[in-house]
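For reference, the structure is listed below as structure tokens.
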Amino acid sequence: MDIPKQYDPKEAEQHHYERWEKNGYFAPEINRDPKAPVFSIVIPPPNVTGSLHMGHALQHTLMDVMTRHKRMCGYRALWLPGMDHAGISTQLMVSRALKKEGKSRHDLGREKFVERVWQWKRESGGQITVQMRRLGDSVDWSREKFTMDEDLSRIVREVFVRLYEDGMIYRGNRIVNWCPQDQTVLSDLEVEKQPQAGKLYYLQYPIKNSDKRVTVATTRPETMLGDTAVAVNPGDERYGALVGQTVLLPLTNREIPIIADEYVDPQFGTGAVKITPAHDPNDYDMGLRHNLPQVVVIDPHAKMTADAGVDFAGLDRYKAREKVVADFEGLGLLEKIVDYEFSISKCERCKTVIEPLISTQWFMKMDQLRDVALALMSREQLPHFTPETYRKVYTDWLENLRDWTISRQLWWGHQIPAWYTPSGDVIVATSEEEARAKAGTSELTQDPDVLDTWFSSALWPFSTLGWPNDTEDLKTFYPTSVLVTARDIIFLWVSRMVMMGLKFVGDEPFADVFITGTILDSQGQRMSKTKMNGVDPIDVFDKFGVDATRLTLAQVGSTDTRWNEKQVESYRNFANKIWNAARFCLLNSEGAEVKPEILEQSTALHDRWIVSRLNRAARDLNAAINAYDFHGAVQTLYHFFWDDFCDWYIELAKADVTAEQDSAARTEARTRLLTVLEHALRLLHPFMPYITEELWQRLPGEKGLHAAYSGAQPTVMLTAYPEGATNLVDEAAESEMQVIIELISRVRNIRSEMNIKPGERIPVVVASSSENLRRVFSSARDQISRLVRASEVTVNERLDAPKASARAVLSGGAELAVPLEGLIDFEQERRRLQREQEKLQAEATKLEAQLGNPNFVERAPVERVNEVRERIAAIAQQSSQLQQTVENLQ
RNA sequence: AGGCGCGUAGCUCAGGGGUAGAGCACUACCUUGACACGGUAGGGGUCUGCGGUUCAAAUCCGCACGCGCCUACCA
């Protein structure tokens, strides 16, 4: 058999995925058990323009671990993939491509432009699906969806119409966030706040029929051209007399009132605020309260309008700002300018400063849906968030939810299914035909706007499953089991899916929500394109292998973690360890094959021990995965495989397995070793799909699949995930083995501390008053001998060894001695024993202090007190044995 | 301004009322027939600080400091 010494991940990553996909292993139909429980996840659809970044790699790893785990547990498992049309990003991307050809989207016209986007999508969209295959995502590609698919688009229209008919969608004229660059409205969630070092300008407005002035402070002087009032707090004594008077607004010919409103904070600035209802959300609200006119002085391109006056019309907003300030200064009305840090709203896509503008848009009322979602949370604690702290984030957000601006002035997206008659009536329908029928005319114009991308995403968990038809998929897979996503879209997406799911299907879209952590760069900064500090997962795959990367990511779970390549390297080493352990098993497999029954028929201590450890690990793993404790799961796998299986079991079994002579005992040892390995590969598979499949395929024997998949081509993917049988967890075997392990470690410690040459064989004397322990030592005599390189191992009731021996006391009431005539350095040995003694004493002192405290004895649980007493007794015994030993050295 | 999270070994992180953990890094020895991407044995922490609750606090509760993130209409 030819197995290289080093594992080559690329080799394994090359062919298995294609076979899994081709054989339909990812589709839930592979499960033949009609009574199989169901597990389903819908993928957070990545942008069609996107490529795989660390965040995806993390989320996908976790979703794949869960899906593979549940599939192996016999669940009818579906992980449904798809992509999002990503309105603004995609439109921008294609527009940029056009620009290189010297064209704009307006040159093409809407229809041609949209066709161009589709063409782009066909040719270069969905790069990420290739990368998902590399990562090993076991998604059912036969169910792949795209938010702009015809069927999903129809569902979007259907939902829109129903919401409109329910009075939850309306068209209105309001102040909105406008991006002057992208020429579209944005929702509150699509603008980002940034701290900005700016200026606060103090402007003086003359009061009519008086020589007094009132000073207002503003960060945006240009908006004063649209002021329609000055407001003060009604309780502000400084200004009480002014309320009701009129201000002569400089640079304009207008007179505006001084009004009183609670909103004004007397502590801030001068306590008097200029009010510009057309260009500030707060002023807008105040304008409505006081019936103030809205004077629009800034247009959608962020240029000043004719209403700003002839001196300003056509100026850019920042140029206008300079001119307003200069003019005030010229008039002697500029009181002062102070440095001031405030936050500014920017378009999250293009980073242009948002202009609040009054505009006609489509909105969705959220109060009713919000209440239903909140009721679900208070009544059933759904969805259940992991980590739980996000429950509060989610509910707080919902409680403060406002209407959602759902229209966008884009061409790429779901065009709003509303038509206008020549007389201006609005007809909302699922198709133009239906609209014509409703309107009684064919002279209709469709609303040019499209819907916010998140509108279709909100429907994702049921639109992908065939709603509004009562499909098998919808009945089977909805509600889905868990949603895995990053925390930044809890509001944009998670909450909206809950609301829409409840409204249209009647059930919550998912029971659980797992919020992943964030992978930061090594400096603790968020990875971002602009900072160029991102780590490309594909590069990591190439360098360390997909499986090692997955293990690293799975371990991250819900914690924010700095990217640490050393960690991946360590898991690359782990993969290599697995490879070489398997290599050893396979190189010594002649005459043997995997045979699961053998595990229950183990009699030797080390065999019962590894079976116990295996089942314990399996039990812990199932519990950890089900509790979304991925970090714990990875640790369990790592230590079971490396420490228990490689460091101890293989070494203990080695003599039997590698015996030159063929024998029943050798075959049995080999069979057991192969079988334990096969179980370990199954445990590892959800985390490390490639190396496990590669090795599993090489194991000899009829390796069974889970009953639900009988008849399928052999693959570790479809084997049963070991459950961890309680009856095979053998506490006695584990504690007996623990004594052997301790014995071996102590002797090795003596060898190392005494500087005994590695090749030197030494006699070992062990003694215990316990007959059982003596039996344990005797049966393990050969193994102990090999692992500590002993010339002979003697087991007695009482320790009988020459003075010139190194000694140690074991925790189970056993002692050992290593006679070292001529080799031992008495002084060194005394120091070594002294250190042991000190450690014990330190512990004893602590425990005795505890026992000496009457409150402890009275109030602590009895078991606890007894534990301490027993421990003290054990230490006392060990200690006196050690003392004896030290004295014997004289 | 509020809310949330975090502060544990040199580094990256687990843990979480009852004797401080892992990986990496470090020290010594080892090319022993699976693996040097390895083996064996070690060293290393008053668990940010101060108070409180408790028989017992790294763990629970306050407060302070530091670091993140989120929400917010202070011009």
Side-chain angles (χ1 to χ4, degrees), chain A residues 3 5-7 193 200-201 216-220 223 231 263-265 267-276 280-286 340 342-343 387 389-390 392-393 396-397 400 487-488 490-491 518 520 522 524-526 544 548 555-557 559-567 569-588 629 631-632 634-635 638-639 646-647 650-651 654 658 744-745 748-753 755-759 786-789 839 842-844 846-847 850 853-861 864-865 867-868 871:
Chain A
I3 306 170
K5 278 189 175 185
Q6 244 183 37
Y7 171 54
K193 297 280 169 67
L200 192 57
Y201 302 85
V216 296
T218 180
T219 54
R220 303 189 57 198
T223 62
Y263 159 77
V264 181
D265 176 2
Q267 306 301 319
F268 188 88
T270 62
V273 192
K274 58 185 279 307
I275 302 300
T276 322
D280 181 277
N282 303 308
D283 294 6
Y284 176 84
D285 289 342
M286 200 186 297
Y340 182 63
F342 59 104
S343 74
T389 181
Y390 291 107
K392 187 172 156 53
V393 174
D396 284 358
W397 161 259
N400 297 309
R487 64 175 151 253
D488 51 349
I490 293 176
F491 310 141
T518 308
L520 307 167
S522 57
Q525 304 272 312
R526 289 181 87 88
F544 299 108
Q555 161 176 273
V556 166
T559 326
D560 289 359
T561 310
R562 294 172 186 221
W563 181 251
N564 179 209
E565 201 178 83
K566 282 282 181 193
Q567 184 65 77
E569 191 181 330
S570 135
Y571 287 134
R572 187 270 319 262
N573 295 352
F574 179 51
N576 196 53
K577 188 75 179 176
I578 295 169
W579 181 261
N580 278 290
R583 179 168 181 268
F584 172 79
C585 299
L586 289 169
L587 290 174
N588 294 287
D629 173 15
H631 189 280
V634 171
Q635 293 304 307
Y638 187 91
H639 293 291
C646 294
D647 288 351
I650 290 184
E651 295 305 328
K654 199 170 254 177
T658 58
I744 292 170
S745 302
R748 284 167 167 174
N749 174 260
I750 287 169
R751 291 191 65 119
S752 170
E753 301 263 327
N755 292 318
I756 295 164
K757 291 214 169 55
R786 212 160 20 79
L787 294 185
V788 304
R789 304 203 134 226
K839 274 187 202 165
E843 196 187 339
K846 262 192 206 170
L847 293 173
Q850 249 187 332
N853 180 350
N855 285 327
F856 170 71
V857 183
E858 264 170 54
R859 306 198 196 179
R864 179 69 205 149
V865 177
E867 238 174 74
V868 173
R871 182 70 190 135

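Numbers restart at 1 for each chain; the letters A, B, ... are given by sequence-line order, proteins then strands. Just the heavy atoms: all of them, side chains too, but no hydrogens, waters or symmetry mates, feed the values below. Only a predicted model underlies this, so the values are computations on that prediction, with no experimental measurement involved.
- Comparing G62(B) with G45(B), their P atoms are spaced 31 Å from each other, to the whole Å.
- Proximity note for Arg526(A) (side chain, C-beta onward) versus C69(B), A41(B), U40(B): the nearest is C69(B).
- Taking only side-chain atoms of Lys839(A), from C-beta outward, the nucleotide of C13(B), G43(B), A75(B) with the closest atom is G43(B).
- Using a 4.0 Å cut-off, no side-chain N or O of Lys566(A) falls inside it from OP1 or OP2 of G23(B).
- The C1' atoms of C69(B) and C74(B) are separated by 23 Å, rounded to the nearest whole Å.
- Across all strands shown, A28(B) is found opposite U40(B) as a Watson-Crick or G-U wobble partner, with both distances under 3.5 Å.
- Using P as the reference atom, G2(B) and C60(B) are 24 Å apart when rounded to the nearest Å.
- For Lys5(A), a side-chain nitrogen or oxygen approaches OP1 or OP2 of C35(B) to under 4.0 Å.
- Val264(A) comes within contact range of at least one nucleobase, with a heavy-atom separation under 4.0 Å.
- Using a 4.0 Å heavy-atom criterion, one finds that Gln850(A) contacts the bases of the nucleic acid, with or without backbone contacts as well.
- Heavy atoms of Tyr201(A) sit nowhere under 4.0 angstrom from any nucleic acid atom.
- From Thr276(A), atom OG1 reaches atom CG of Asn282(A) across 11.0 Å, with rounding to the nearest 0.5 Å.
- Checked against a 6.0 Å centroid threshold, the rings of Phe544(A) and Tyr571(A) do not count as neighbours.
- Phe268(A) and Tyr340(A) have perpendicular rings, their planes meeting at more than 60° on a 0 to 90° scale where under 30° would count as parallel.
- Between Gln555(A) atom CD and C13(B) atom P there is a gap of 10 Å when expressed in whole angstrom units.
- Side-chain proximity of Tyr638(A) to the nucleotides C35(B), A14(B), G23(B) is greatest for G23(B).
- The side chain of Arg583(A) lies closest to A34(B), out of A34(B), U71(B), A75(B).
- Pairing for G68(B) is with C4(B), a Watson-Crick or G-U wobble pair whose two hydrogen-bonding atom distances lie under 3.5 Å.
- Among the protein residues, Val393(A) comes within range of no part of the nucleic acid, since none of its heavy atoms lies under 4.0 Å from any strand.
- In this structure, Gln635(A) reaches the sugar-phosphate backbone alone: every heavy-atom distance under 4.0 Å involves primed, P, OP1 or OP2 atoms, never a base.
- Note on Pro281(A): nothing from the nucleic acid sits closer than 4.0 angstrom, heavy atoms only.
- Note on Asn400(A): nothing from the nucleic acid sits closer than 4.0 angstrom, heavy atoms only.
- Counting any heavy atom pair closer than 4.0 Å across all strands shown, Glu651(A) reaches a base atom.
- In this structure, Arg789(A) places its CZ atom 13 Å from C1' of C29(B), rounding to the nearest Å.
- Side-chain N/O atoms of Gln567(A) and base N/O atoms of U12(B) include no donor-acceptor pair closer than 3.5 Å.
- Close to U54(B), at under 4.0 Å from its OP1 or OP2, lies no side-chain N or O of Asn855(A).
- Going from the C1' atom of C13(B) to that of G7(B) covers 13 Å, rounded to whole Å.
- Across all strands shown, G45(B) remains unpaired; no Watson-Crick or G-U wobble contact has both distances below 3.5 Å.
- Pair assignment for A14(B): none, as no Watson-Crick or G-U wobble contacts are both less than 3.5 Å.
- In the set A34(B), G3(B), U19(B), the nucleotide with an atom closest to the side chain of Asn580(A) is A34(B).
- With distances taken from any side-chain atom of Lys577(A) to the nucleotides A41(B), U32(B), G39(B), the minimum falls on G39(B).
- Distances shorter than 4.0 Å separate some side-chain N or O of Lys193(A) from OP1 or OP2 on C73(B).
- OP1 or OP2 of A14(B) sits under 4.0 Å from a side-chain N or O of Thr559(A).
- The residue Cys585(A) sits apart from the nucleic acid: no heavy atom pair falls under 4.0 Å.
- Residue whose closest nucleotide on RNA chain B sits further toward the 5' end, between Tyr340(A) and His631(A): His631(A).
- For the pair Asp280(A) and Thr223(A), the minimum side-chain heavy-atom distance is 4.5 Å or more.
- Across all strands shown, Asp265(A) has heavy atoms under 4.0 Å from base atoms, whether or not it also approaches the sugar-phosphate.
- When both distances must be under 3.5 Å, the Watson-Crick or G-U wobble mate of C50(B) is G62(B).
- Residue contacts for Pro387(A): at a heavy-atom cut-off of 4.0 Å it reaches no nucleic acid atom on any strand shown.
- Look at the P atom in both U12(B) and C50(B): the space between them is 24 Å, to the nearest Å.
- Base pairing of A20(B) is not made with any nucleotide, judged by Watson-Crick or G-U wobble geometry with both donor-acceptor distances under 3.5 Å.
- For Glu753(A), the listed nucleotide lying nearest its side chain is A41(B); candidates were U19(B), A34(B), A41(B).
- Nucleotides G21(B) and G44(B) are separated by 13 Å at their P atoms, to the nearest Å.
- A sub-4.0 Å separation between OP1 or OP2 of U40(B) and a side-chain N or O of Ser745(A) is absent.
- The existence of a salt bridge linking Glu843(A) and Lys846(A) is excluded, since no basic side-chain nitrogen approaches an acidic carboxylate oxygen closer than 4.0 Å.
- Considering only heavy atoms from C-beta on, Leu520(A) stays 4.5 Å or farther from Gln525(A) through its side chain.
- Comparing A57(B) with G17(B), their P atoms sit 14 Å apart, to the nearest whole Å.
- For the C1' atoms, the distance from U46(B) to A20(B) is 12 Å, rounded to whole Å.
- Across all strands shown, C73(B) forms no Watson-Crick or G-U wobble pair with both key distances under 3.5 Å.
- Along RNA chain B, the nucleotide closest to Gly269(A) and the one closest to Phe584(A) are compared, and the more 5′ of them pairs with Phe584(A).
- Distances were taken from every side-chain heavy atom of Arg562(A) (C-beta onward) to each of U19(B), U12(B), G23(B); the shortest belongs to U12(B).
- Considering only the side chain of Tyr263(A), C74(B) comes nearest among U12(B), A41(B), C74(B).
- Arg572(A) comes within 4.0 angstrom of a nucleotide base, judged by non-hydrogen atoms across all strands.
- In this structure, Tyr390(A) does not reach the C70(B) phosphate: none of its side-chain N or O atoms is under 4.0 Å from OP1 or OP2.
- The phosphate of G38(B) has OP1 or OP2 within less than 4.0 Å of a side-chain N or O from Asn573(A).
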